[in-house]
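Comments concern the structure below.
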Number of protein chains: 2
Amino acid sequence: MEQTRWLDDDEQRVWRSFITASGVLKEELDRQLQRDSGMPYGYYGILVALSEAPNRELRMSELACSSSASRSRLSHAVSRLEEAGWVNRRACPDDRRGTFAKLTDEGYRVLEQAAPGHVAAVREWLFDQLTPEQVRALGEISAAILEGFGASSENLPPMPPT
Amino acid sequence: MEQTRWLDDDEQRVWRSFITASGVLKEELDRQLQRDSGMPYGYYGILVALSEAPNRELRMSELACSSSASRSRLSHAVSRLEEAGWVNRRACPDDRRGTFAKLTDEGYRVLEQAAPGHVAAVREWLFDQLTPEQVRALGEISAAILEGFGASSENLPPMPPT
DNA sequence: CGACGTTTGTTGAATGTTCAACTTATCAGG
DNA sequence: CCTGATAAGTTGAACATTCAACAAACGTCG
């Protein structure tokens with residue numbers, strides 16, 4: 001094995017700032033959504049992905065991809081969303097292994113009601129803190145990180161309806 | 001109430017890229033640490049914070065701050081770390097409400113063993129994907145986001161020992 | 001002093017996530 | 001057609017995190 005290339009002080013600072021900032025931001029968004037709309041951030045992403053799909057439904061596997069969730073997480077999450085009446089499951093006719101998840105009308109209404117507060121929070125805590133130049137840079141940086149995981153910057157996930 | 005200022009297409013792309021990239025990165029680090037060292041990322045941060053403290057111990061409240069954890073989360077986490085024999089609790093003599101958490105020798109050894117793999121992962125998935133200019137920009141962007149939460153860029157959290 | 005508000009830390013319940021195992025179905029080759 | 005490999009989705013157990021409630025100790029100000 002090779003010997004470790006430790007982070008120098010600058011890298012150290014950047015790394016800690018980044019991981020802390022993204023963590024705090026996500027936690028605050030989670031809290032905001034939970035408080036105002038009774039769902040964690042991840043569930044919001046699932047509803048958004050469904051809301052943008054044709055007929056507001058997707059195969060579980062596609063939904064997992066769109067919302068960056070593991071199959072297992074999605075399965076559990078959809079069960080909860082189904083209990084809440086926001087999503088329905090439907091068997092896939094073509095592939096008998098498959099399942100469709102479909103956003104219900106009520107789910108869509110809940111999403112419409114949740115979106116403004118969520119977007120306001122994203123704006124306040126992210127975009128309002130950055131210059132236009134920084135926003136552009138952040139986009140490129142994020143894309144580069146995703147590239148590193150082999151995730152094409154295509155089929156990116158969640159956000160507001162309309 | 002005002003009417004919502006939705007994200008335009010560019011903002012949309014930046015936002016989704018950012019939240020996805022930071023999420024995937026954190027998940028991969030979590031998986032790497034769990035697999036190679038049997039602890040989640042948050043626990044690693046706690047051990048690092050302790051390792052950097054004088055005498056390798058801190059008041060629970062300071063530790064919570066240093067590792068960006070809620071009091072409750074920290075309390076549960078330290079209980080687990082204590083069961084693992086990596087951390088000890090000790091009553092604070094000055095303030096009888098207080099508790100010190102102290103990294104054990106074994107805990108330090110575990111941390112030493114975990115750090116190289118973790119740093120290698122951070123380097124591979126973050127720094128290796130970015131130009132030096134992007135790294136610099138990411139540092140400033142992260143600091144700006146933290147500023148927005150009133151968190152001074154001071155007392156930033158976790159990373160490798162030595 | 002002494003009452004009230006604050007800080008510190010813990011706890012238990014509810015919830016979310018992960019991992020591994022499993023079932024069922026599709027697909028590709030022989 | 002049959003077999004083995006792969007893919008889709010679910011499940012349960014173990015674990016982590018959140019929230020609200022709580023207990024105990026400070027601190028302060030009348």
How would you label the contact of R96(A) with the nucleic acid (heavy atoms, under 4.0 Å): base, sugar-phosphate, or nothing? sugar-phosphate
Hydrophobic cluster identity match, L33(B) and V122(B), side-chain contacts under 4.5 Å: yes
What donor-acceptor contacts under 3.5 angstrom involve side-chain atoms of residues 22-29 of chain B, with partners at least two apart or in another chain?
| from | atom 1 | to | atom 2 | distance (Å) |
| --- | --- | --- | --- | --- |
| S22(B) | OG | F18(B) | O | 3.0 |
| S22(B) | OG | I19(B) | O | 3.4 |
| K26(B) | NZ | D30(B) | OD2 | 2.9 |

Between G98(B) and H76(B), which is nearer to the 5' end of DNA chain C once each is assigned its nearest nucleotide? G98(B)
Taking any atom closer than 4.0 angstrom to a non-hydrogen atom of chain B, what span of DNA chain D does the protein reach, first nucleotide to last? dC15(D) to dC26(D)
Candidates K102(A), R90(A), R89(A) - the one meeting salt bridge (charged side-chain N to carboxylate O under 4.0 Å, His left out) with E57(A): R90(A)
Would you mind classifying the nucleic acid contact of F100(B) as base, sugar-phosphate or nothing, using non-hydrogen atoms under 4.0 angstrom? nothing
Starting at the 5' end of DNA chain C and moving along, which residue's nearest nucleotide shows up first, P40(A) or D30(B)? P40(A)
Outermost contacting nts on DNA chain C, any atom under 4.0 Å from chain B heavy atoms, listed 5' then 3', are dT7(C) to dC19(C)
Map E27(A) and E62(A) onto DNA chain D by nearest heavy atom, then report which one ends up closer to the 5' terminus. E62(A)
What one should report as the nearest heavy-atom pair of Q134(B) and I141(A) is O-CD1, 3.5 Å
Salt bridge flag under 4.0 Å for residues E52(A) and R16(B): yes
Give one of base, sugar-phosphate or nothing for R35(B), where a contact means two heavy atoms less than 4.0 Å apart. nothing
When you check the gap from the basic side-chain N to the acidic O, do R59(A) and D95(A) get nearer than 4.0 Å? yes
Between D36(A) and Q32(A), is any side-chain donor less than 3.5 angstrom from a side-chain acceptor? yes
Heavy atoms only, 4.0 Å cut-off, all strands: where does S72(A) land among base, sugar-phosphate and nothing? base
For T99(A), answer base if it contacts any base atom (sugar-phosphate contacts may also be present), sugar-phosphate if it contacts only those atoms, and nothing otherwise; contact means non-hydrogen atoms under 4.0 Å. sugar-phosphate
Measure from NZ or CZ of R56(A) to the centre of the six-membered ring of Y108(A) and say whether it is under 6.0 Å with the direction within 45° of the ring axis. yes
Do Q113(A) and R109(A) get their side chains close enough for a donor-acceptor pair, meaning under 3.5 Å? no
